[in-house]
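Working notes, structure below.
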Amino acid sequence: MNRLRDKVAVITGGNSGIGLGIAEALKNEGAKGVIVGRNQKTLDRAVAQLGDNFIAVNADVTRVADLERVFKETAERFGKVDVVVANAGAGTIGTVASIGEADYDRTMNLNLKSVYFTVHAALPYMNDGSSVILIGSNAAHRAYPNFTLYGAAKAAVIFFAKGFSSDLLGRKIRVNVITPGTTDTPAFEKFVPAEQVEGVKKTLRR
Ligand SMILES: NC(=O)c1ccc[n+]([C@@H]2O[C@H](COP(=O)([O-])OP(=O)(O)OC[C@H]3O[C@@H](n4cnc5c(N)ncnc54)[C@H](OP(=O)(O)O)[C@@H]3O)[C@@H](O)[C@H]2O)c1
């Protein structure tokens with residue numbers, strides 16, 4: 001299948017879980033490009049899996065300077081950007097009673113600010129008529145206990161898709177958001193205490 005032959009894609013969080021699955025799917029349609037993450041080991045492993053047409057850039061999506069570097073390096077290597085997938089993100093588990101300022105800022109920086117600045121940093125390098133894909137969550141559609149803050153960040157990501165679409169009409173850049181349901185990825189093992197993993201997955205499946 002070659003529906004994306006020679007298209008250049010940048011996938012944040014392309015070294016794990018859903019992002020790696022998206023990178024694989026784009027590759028299978030003929031795309032090439034860049035995966036972004038902080039863990040060099042999983043970046044190397046994912047690039048080996050994706051093959052010669054993909055490179056990894058080690059960057060933190062919560063840092064605007066890192067995002068600017070990602071797109072500069074992408075343009076230097078591939079000349080342009082056709083697809084941006086703002087996928088990097090992670091939940092914070094806790095209630096309005098337990099989550100304080102530091103976790104609030106961390107959650108919003110990773111799940112909301114990073115999405116805005118991924119697109120903002122990409123735009124100077126994007127072709128007219130290109131495509132932006134944002135990753136929301138089922139947690140944005142209904143309230144699950146302990147996922148209020150994460151759900152609020154993801155609900156705002158859904159709004160970003162609407163707002164960016166209208167902002168970018170003049171350049172014919174399409175903006176879509178996908179809101180996955182519970183998906184078995186390494187995220188659960190990373191962020192949920194081992195004895196709570198099954199319970200959390202069950203809650204999110206309801
Ligand atoms: N799994 C689910 O059930 C589910 C459901 C709905 C929505 N989602 C959303 O889907 C997306 C992917 O989640 P996943 O389940 O695939 O999780 P995952 O396997 O843990 O992948 C998360 C990815 O984000 C990257 N990342 C995290 N913080 C980063 C940072 N500061 N800078 C750069 N990269 C960063 C990670 O790479 P490094 O660790 O190398 O930085 C990793 O590649 C997230 O936005 C998540 O909220 C997941």
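When a ligand or atom number is given, it counts from 1 through the structure's own listing order. One-based numbering along the sequence shown.
- Ligand 1 lies within reach of G181, whose nearest heavy atom is under 4.0 Å from it.
- Separation of atoms CD1 (I135) and CG (N111) is listed at 12.0 Å; rounding is to 0.5 Å.
- Between V36 and V10, the closest side-chain pair of non-hydrogen atoms falls below 4.5 Å.
- With hydrogens and angles left out, the side-chain atoms of T62 and N109 include no donor and acceptor closer than 3.5 Å.
- Checking A46, A88, G13 against atom 35 (C) of ligand 1, the nearest heavy atom belongs to A88.
- For ligand 1, the atoms lying closer than 4.0 Å to a non-hydrogen atom of G17 are 16 (O), 19 (O).
- Annotation: V61 places an N or O atom under 3.5 Å from an N or O atom of ligand 1; distance criterion only.
- In this structure, atom 16 (O) of ligand 1 lies nearest to the protein heavy atom I18 N, 2.8 Å.
- Of the protein's non-hydrogen atoms, R38 NE, 2.6 Å is the one closest to atom 41 (O) of ligand 1.
- R106 forms no cation-pi arrangement with Y104, by the criterion of a distance under 6.0 Å to the ring centre and an angle within 45° of the ring axis.
- Ligand 1 has at least one atom lying under 4.0 Å from a heavy atom of K154.
- Residue-environment remark: CZ (R171) exceeds the threshold of 12 foreign heavy atoms within 6.0 Å.
- Note: T183 OG1 to F188 CZ = 7.5 Å, rounded to the nearest 0.5 Å.
- In the hydrophobic clustering of this structure, V8 groups with V132; members are Ile, Leu, Val, Met, Phe, Trp, Tyr whose side-chain heavy atoms approach within less than 4.5 Å, directly or through other members.
- In D60, the parts holding a heavy atom less than 4.0 Å from any atom of ligand 1 are both the side chain and the backbone.
- In this structure, the protein non-hydrogen atom closest to atom 19 (O) of ligand 1 is S16 OG, 2.6 Å.
- Atoms CG and CG, from L112 and L149 in turn, are 10.0 Å apart once rounded to the nearest 0.5 Å.
- At the top of the distance list for atom 20 (O) of ligand 1, counting protein heavy atoms only, stands K190 NZ, 2.8 Å.
- A salt bridge does not link E73 to R77: none of the charged side-chain nitrogens sits closer than 4.0 Å to a carboxylate oxygen.
- At least one side-chain heavy atom of R38 sits less than 4.5 Å from a side-chain heavy atom of N58.
- Below 4.0 Å from some heavy atom of N39 lie the following atoms of ligand 1, by number and element: 38 (P), 40 (O).
- On a distance-only criterion, S137 and ligand 1 share no N/O pair closer than 3.5 Å.
- At a 4.0 Å heavy-atom cut-off, ligand 1 does not touch L43 at all.
- With salt bridges taken as basic N to acidic carboxylate O contacts below 4.0 Å, none links D128 and K172.
- By the 3.5 Å distance cut-off applied to N or O atoms, N111 is not counted among the residues near ligand 1.
- Ligand 1 has a nitrogen or oxygen under 3.5 angstrom from a nitrogen or oxygen of T183.
- Other residues, nucleotides and ligands contribute at most 12 non-hydrogen atoms within 6.0 Å of the NE2 atom of H120.
- Ranking protein heavy atoms by distance to atom 44 (C) of ligand 1, first place goes to N87 O, 3.2 Å.
- For the pair T182 and ligand 1, the shortest N or O to N or O distance does not fall below 3.5 Å.
- Among all protein heavy atoms, the one lying closest to atom 22 (C) of ligand 1 is G89 O, 3.9 Å.
- Atom 15 (O) of ligand 1 has its closest protein heavy atom at T185 OG1, 2.5 Å.
- Contacts between A59 and ligand 1 below 4.0 angstrom, taking non-hydrogen atoms only, involve the backbone exclusively.
- When the shell of 6.0 Å around CD of E101 is examined, it contains 12 or fewer heavy atoms from other residues, nucleotides or ligands.
- Closest to atom 36 (C) of ligand 1 among all protein heavy atoms lies N15 OD1, 4.1 Å.
- At a 4.0 Å cut-off, at least one heavy atom of G136 sits close enough to ligand 1 to count as contact.
- Residue Y150 has at least one nitrogen or oxygen atom sitting less than 3.5 Å from a nitrogen or oxygen atom of ligand 1, judged on distance alone.
- For E68 and K72, the salt-bridge test fails: no basic side-chain N is under 4.0 Å from an acidic carboxylate O.
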